[in-house]
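For reference, the structure discussed in these notes is given below.
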Amino acid sequence: MQLLRTLVHSRIVLVLGVLVSILVPALTLPSLPSVSPWPVALGLLPWIVGKYVLCPLRWRALTDAHLGRRWHLRAYAESELLGLLTPGHVGADVWRMHRLTRAGLGRGDALMSVGADRFVGAVGLALFVAFAGAALPVHLLVVALAIGALAIVAFFVVRRVRPDLLPSRPLPPPRQLAQALVLSAAYQLSIAALLLGTIQATGHTLSPLAVLGAFGASQIAGAVPGPNGASPRDGALVVALVALGVPWAAAAAAVAVKAAVAWLPALVLGGVSLVLTRRALRRTAAPSGALAVAAA
């Protein structure tokens, strides 16, 4: 957690993260014959709803804790900002586990909550791409099932070696898992809407199913971490769009814009929530410190 706090309060890391996301658009957009911001804006609106409303609700459905929707919305927004600052979005998972343990959950329960959310997200992506009839759904499903198999093996190993790390709460029931899968599929639809918008902003068009195929194929490279906007997943998405007929400059610009616009809601929603959370912790700590001094 100390390393994560250092990253959060490091202005250099924040500036570098933003620069990585805007450098490619700055270099590629001027070379395009026409660029329009309106398709990006139209695609961004459903993506914000998907990322900052549907995803927190999916996480809440998989978390057996008496924490309200508002708590999950804020904690998820904070985690997204930290995820953009770390390779592979790992900071988001670390922060969500930290928030859960501060709310009173055990480490095992927090790990199960975040792990279940990640797993359901992967399965939801595979099922969504397969249902849409896009390319490579079998590979995506294999990856999701492999993650699930590894999780099961890890469960039995931990139960034998460190039983104290296992969750004390029951696993989510089938009804909540089904609800989480529906929310996950809806979120994938919002990503496709944003990608369609960024492609159309460069003056090119693709069918929604073709975009889903390109997006699904790029997720296989997501196992290799990288910074937002310059990860292997982003590179694979550019290659997939080029294979569908989009010129290199337009494909790179579309993917880079998709990564760059993610910073705006993360900075506004996650940044504001982090500031408010920090102030609340300070107000809570102040009376405790005063009581300790009085007792001394």
Side-chain angles (χ1 to χ4, degrees), residues 1 4-5 7-8 44-86 88-125 128 147 151 167-191 193-194 228 262-284:
M1 269 318 293
L4 186 57
R5 291 194 185 98
L7 290 173
V8 172
L44 183 61
L45 290 177
W47 179 81
I48 292 176
V49 174
K51 172 63 75 174
Y52 292 97
V53 178
L54 300 184
C55 285
L57 292 180
R58 180 188 69 191
W59 179 32
R60 182 172 183 262
L62 297 170
T63 304
D64 184 20
H66 299 290
L67 299 170
R69 293 186 181 90
R70 183 180 178 184
W71 186 95
H72 284 86
L73 291 173
R74 288 188 54 178
Y76 199 93
E78 296 166 4
S79 72
E80 280 304 303
L81 177 57
L82 304 182
L84 291 176
L85 294 170
T86 52
H89 225 66
V90 65
D93 294 338
V94 174
W95 183 256
R96 286 197 288 166
M97 290 179 60
H98 171 68
R99 290 281 266 133
L100 286 171
T101 54
R102 285 190 66 90
L105 267 71
R107 288 183 298 174
D109 295 313
L111 179 61
M112 183 186 73
S113 168
V114 176
D117 184 61
R118 278 279 192 173
F119 175 67
V120 169
V123 174
L125 171 62
F128 179 77
I147 294 175
S168 58
R169 299 168 183 263
L171 295 174
R175 182 175 61 85
Q176 288 178 270
L177 288 173
Q179 178 186 356
L181 283 173
V182 172
L183 292 172
S184 181
Y187 167 60
Q188 303 305 329
L189 184 61
S190 73
I191 297 178
L194 176 58
N228 179 60
W263 281 96
L264 180 59
L267 289 171
V268 174
L269 300 176
V272 170
S273 184
L274 277 172
V275 171
L276 294 177
T277 299
R278 190 177 180 183
R279 288 181 178 178
L281 290 175
R282 285 180 176 178
R283 287 196 298 267
T284 304

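- Smallest separation of non-hydrogen atoms from Ser190 and Pro46: CB-O, 3.3 Å.
- In this structure, Arg58 and Gly121 approach most closely via the heavy-atom pair NH1-CA, 3.5 Å.
- Residues passing the side-chain contact (heavy atoms from CB on, under 4.5 Å) test with Ile191 are Trp47, Tyr187, Gln188, Phe215, Lys258, sequence neighbours excluded.
- For the salt bridge (Lys or Arg N to Asp or Glu O under 4.0 Å) test, residues two or more places apart in sequence or in another chain that qualify with Arg96 are Asp93, Asp117.
- The side chain to side chain donor-acceptor pair (under 3.5 Å) search around Tyr76 returns none, not counting sequence neighbours.
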Using residues 266-277 as the side-chain source, report each donor-acceptor pair under 3.5 Å to any protein atom, sequence neighbours left out, with the distance given to one decimal.
unit_1: Ser273; atom_1: OG; unit_2: Arg74; atom_2: NE; d: 3.0
unit_1: Ser273; atom_1: OG; unit_2: Glu78; atom_2: OE2; d: 2.6
unit_1: Thr277; atom_1: OG1; unit_2: Arg74; atom_2: NH2; d: 3.0
unit_1: Thr277; atom_1: OG1; unit_2: Glu78; atom_2: OE2; d: 2.7
unit_1: Thr277; atom_1: OG1; unit_2: Ser273; atom_2: O; d: 2.8

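- To the nearest 0.5 Å, atoms CG (Leu54) and CD1 (Ile48) are separated by 12.5 Å.
- Applying the side chain to side chain contact (heavy atoms under 4.5 Å, CB included) test between Leu62 and each of Leu177, Leu183, Val114 identifies Leu177 as the sole match.
- Closest of all the heavy-atom pairs between Leu84 and Ala262 is CD1-O, 3.8 Å.
- The side chain to side chain donor-acceptor pair (under 3.5 Å) search around Ser113 returns Trp59, Thr63, not counting sequence neighbours.
- Inter-residue side-chain proximity for Val53 and Leu57 is flagged as met; some heavy-atom pair is nearer than 4.5 Å.
- No donor-acceptor pair under 3.5 Å is formed between the side chain of Ser184 and the backbone N or O of Ala180.
- Ala103 meets the side-chain contact (heavy atoms from CB on, under 4.5 Å) test with Leu67, Trp71; sequence neighbours excluded.
- Counting only residues at least two apart or in different chains, salt bridge (Lys or Arg N to Asp or Glu O under 4.0 Å) contacts with residues 175-187 are absent.
- Rounding to the nearest 0.5 Å places NE2 of His72 at 10.0 Å from CZ of Arg99.
- Looking at every heavy atom in both residues, Glu80 comes nearest to Lys51 through OE1-NZ, 3.4 Å.
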